[in-house]
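Note that the structure is predicted; figures quoted are calculated from it, not measured. Just so it is clear, the values below take in all heavy atoms, side chains as well, and ignore hydrogens, waters and symmetry mates.
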Amino acid sequence: MMRRKSTLEVAHHIYQEVASWIDARISGNVYPFDCRPMDSHDEDAIIIVSTATAGQIQEGRAKINIYVADIDNGSGRNVPNIERLQEIARYDEDIVNALNESANRDYLWDLSQATEVIADTAIGQHFVNINISFKSITF
């Protein structure tokens, strides 16, 4: 019998399925559960599951945030590294496809909204925010 999974279990599953794929494409590391070091300036990815229902068809949302340090544009002012952010944003469909092609067929994955770039001015970085929805039959 299938069973409902906690948000931590779902995040762990995402991590197991796509961490090595993402890790091969960024300069930093992949972290589950928002465990990224506060002082990191690397291209790091964080996997977080924000919601999950507890019904017979369990539905939820996850996000993968991939950080990119801002760059100096020559004026002494740091700006987003647009080229790199765009390149990383194009990974969204590949990540969803990798999740759907995984050996664990308990889930159906899809993008839940358009991938966006968000500023984190406190650390001088921007991150690509990939939002993923999932469904799993639990009965």
Same cluster (ILVMFWY, side-chain, under 4.5 Å), Ile64 and Tyr15: yes
Under 3.5 Å donor-acceptor, Thr138 side chain and Gln56 backbone: yes
Common cluster, Val49/Ile22, ILVMFWY with side-chain heavy-atom separation under 4.5 Å: yes
Ala62 to Ile14 - nearest heavy-atom pair and separation: CB-CD1, 3.6 Å
Linked, directly or transitively: Val30 and Tyr67 (ILVMFWY side chains, under 4.5 Å): no
Partners passing side chain to side chain contact (heavy atoms under 4.5 Å, CB included) against Asn97 (at least two apart in sequence or in another chain): Glu101
Nearest-0.5 Å distance, CD1 of residue Ile71 to CZ of residue Arg77: 11.5 Å
Verdict with supporting geometry, Ile46 and Phe127, side chain to side chain contact (heavy atoms under 4.5 Å, CB included): CA-CA 10 Å; Ile46 299 172; Phe127 60 90; over 6 Å; no
Asp110 side chain to Ser133 backbone, donor-acceptor under 3.5 Å: no
Cluster overlap Ile132 with Tyr31, hydrophobic side-chain contacts below 4.5 Å: no
Nearest-0.5 Å distance that lies between atom CD in Glu93 and atom OG1 in Thr115: 8.0 Å
Inter-residue atom distance Gln125.CD - Leu85.CG, 0.5 Å rounding: 10.5 Å
Spatial distance of atom CD1 (Ile88) from atom CD1 (Ile66) [nearest 0.5 Å]: 5.5 Å
For Tyr91, ring pair (Phe, Tyr, Trp, His ring centres under 6.0 Å) partners two or more places apart: Trp21
Whether Phe33 and His12 hold their rings parallel, tilted or perpendicular, with breakpoints at 30° and 60°: parallel
Minimal non-hydrogen separation, Val18 against Ile95, with atom names: CG1-O, 4.0 Å
Minimal non-hydrogen separation, Arg84 against Arg25, with atom names: NH2-O, 2.7 Å
Closest contact, heavy atoms only, Asp70 versus Pro80: OD1-CA, 3.7 Å
Straight-line distance of Asn78 CG to Thr121 OG1, nearest 0.5 Å: 12.0 Å
same_hphob_cluster(Ile48, Leu99) at 4.5 Å side-chain heavy-atom cutoff: no
Asp106/Lys5 under side chain to side chain contact (heavy atoms under 4.5 Å, CB included): CA gap, chis, key distance, verdict: CA-CA 11 Å; Asp106 291 349; Lys5 298 188 177 59; 3.7 Å; yes
Neighbour count above 12 (heavy atom, 6.0 Å) for Ile57 CD1: no
Side chain to side chain contact (heavy atoms under 4.5 Å, CB included) assessment of Asn65 paired with Val128: CA-CA 5 Å; Asn65 295 334; Val128 174; over 6 Å; no
Whether over 12 other heavy atoms sit under 6.0 Å from Ile137 CD1: no
Exercise: identify the closest heavy-atom pair between Ile26 and Ala45: CD1-N, 3.9 Å
Polar side-chain atom of Thr53 near backbone of Glu59 as donor-acceptor pair, under 3.5 Å: yes
Name of the residue among Asp44, Asn29, Asp42 meeting side-chain hydrogen bond (donor to acceptor under 3.5 Å, both in side chains) with Arg36: Asp44
Nearest-0.5 Å distance that lies between atom CD in Gln58 and atom CZ in Arg3: 9.0 Å
Phe134 versus Arg61, closest heavy-atom pair with distance: CE2-N, 3.6 Å
From CA spacing to verdict: side chain to side chain contact (heavy atoms under 4.5 Å, CB included), Lys63, Asn131: CA-CA 5 Å; Lys63 60 184 174 182; Asn131 287 279; 4.0 Å; yes
